[in-house]
There are 2 protein chains.
Amino acid sequence: MAADSDVFKALGDATRRAILDELTDKDGQTLFEICGRLTMKHGLASSRQAISQHLAVLEQAGLVRTRRQGRYKFHHLDTEPLRAIVERWPIDREEPNP
Amino acid sequence: MAADSDVFKALGDATRRAILDELTDKDGQTLFEICGRLTMKHGLASSRQAISQHLAVLEQAGLVRTRRQGRYKFHHLDTEPLRAIVERWPIDREEPNP
DNA sequence: GTTATAGGCAAGTCGCGGCTTGCCTGTCAA
DNA sequence: TTGACAGGCAAGCCGCGACTTGCCTATAAC
């Protein structure tokens with residue numbers, strides 16, 4: 001379903017946002033690849049199961065799509081659900097006059 | 001400071017999003033006014049203290065600014081912090097071709 | 001075959017966040 | 001001055017979510 005609520009909940013966690021950052025940097029990574037990168041860059045707690053559960057949340061929110069291939073599962077970023085939440089409140093796009 | 005983390009955390013709660021919706025509909029409301037409206041429209045749990053704490057979170061995130069006047073405290077929406085989070089990930093703005 | 005790799009599932013722990021409860025401060029009207 | 005109204009503060013309860021632990025399945029390499 002990917003309700004707005006799920007999207008906001010998914011974005012509410014710092015580790016999940018870091019995962020989205022990672023997929024933005026390199027799309028189509030596997031679970032272990034993401035784990036490795038997260039432990040490298042950020043000092044985030046990133047055990048395999050933790051990341052797996054985070055990915056499940058992101059997938060349910062529609063922010064991540066998966067593609068199975070053999071024993072690998074590639075994760076792809078999908079920013080489409082972000083459009084709805086972006087347009088929810090009026091955002092001033094103009095720069096403040098100095 | 002209003003770190004990105006605070007903004008996402010603030011947006012993670014449904015009641016707080018409803019408050020932002022309310023302020024979008026009518027800016028500059030007081031605490032009791034918001035309480036009344038929330039109980040009207042949504043069946044959300046919206047005791048005075050609960051809403052007060054939610055407003056504190058929104059204020060810390062920079063999404064709400066307050067203005068004191070006598071015994072009233074008016075709450076104003078500020079969508080500026082949303083700009084940063086909107087631009088964090090690439091969002092496809094084109095409509096899908098039908 | 002056997003072993004290592006990539007991932008899944010389920011139960012359990014634990015801290016944080018949302019909400020309540022109770023009481024207090026400050027402002028306005030009578 | 002007294003009472004009603006708008007809001008604040010602090011401690012406590014409690015459920016949910018993040019993380020772990022342990023074990024299991026499946027694909028690929030040897």
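Per chain, numbering begins at 1; letters A, B, ... match sequence-line order.
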Once rounded to the nearest 0.5 Å, what's the spacing between atom [atom1] of [X] and atom [atom2] of [Y]?
X	Y	atom1	atom2	result
B/Ile51	B/Arg16	CD1	CZ	10.5 Å
B/His54	B/Leu31	NE2	CG	11.5 Å
A/Ile34	A/His75	CD1	NE2	5.0 Å
B/Gln53	B/Ser47	CD	OG	8.0 Å
A/Arg68	A/Phe74	CZ	CZ	10.5 Å

> More 5' along DNA chain D: A/Gly12 or B/Arg48, using each one's nearest nucleotide?
Replying inline: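 Final value for this comparison: B/Arg48.
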Among [options], which is the nearest nucleotide to the side chain of [X]?
X	options	value
B/Gln53	C/dC19, C/dT21, C/dG7	C/dC19
A/Leu31	C/dG8, D/dG8, C/dT20	C/dG8
A/Ala50	C/dG8, D/dC19, C/dC19	D/dC19

How many whole angstroms separate atom [atom1] of [X] from atom [atom2] of [N]?
X	N	atom1	atom2	value
B/Leu11	C/dG17	CG	P	15 Å
B/Gln49	D/dC13	CD	C1'	15 Å
A/Phe32	C/dA4	CZ	C1'	11 Å
A/Asp13	D/dC16	CG	P	18 Å
B/Glu33	D/dC5	CD	P	16 Å
B/Tyr72	D/dC5	OH	P	11 Å
A/Arg71	C/dG7	CZ	P	9 Å
B/Arg68	C/dT25	CZ	P	15 Å

> Can you tell me if A/His76 and A/Arg65 form a side-chain donor-acceptor pair at under 3.5 Å?
Replying inline: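 Looking only at side-chain atoms, A/Arg65 and A/His76 do not form any donor-acceptor pair under 3.5 Å.
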side-chain N/O [X] vs [N] OP1/OP2, d < 4.0 Å:
X	N	value
A/Arg16	D/dA18	yes
A/Thr30	C/dG7	yes
B/His54	C/dC19	yes
A/Lys73	C/dG8	yes

> Pick from B/Leu82, B/Asp78, B/Leu55, B/Thr79: which one makes a side-chain contact (heavy atoms from CB on, under 4.5 Å) with B/Leu63?
Replying inline: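 When B/Leu82, B/Asp78, B/Leu55, B/Thr79 are each tested with B/Leu63, the side-chain contact (heavy atoms from CB on, under 4.5 Å) holds only for B/Leu82.
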> When only distance counts, do a donor and an acceptor, one from the side chain of A/Gln69 and one from the base of D/dT27, lie under 3.5 Å apart?
Replying inline: no
>> Judged by each residue's nearest nucleotide on DNA chain C, which is more toward the 5′ side, A/Ser52 or B/Gly70?
In response: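 Comparing both residues, the 5'-ward one is A/Ser52.
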> How large an angle, rounded to 10°, do the end axes of the helix from C/dG1-D/dC30 to C/dA30-D/dT1 enclose when each is built from five base pairs?
Replying inline: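 End-to-end axis angle: 20°.
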> Charged N to carboxylate O under 4.0 angstrom, B/Asp25 versus B/Arg37?
Replying inline: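 Result for this pair is yes, salt bridge flagged.
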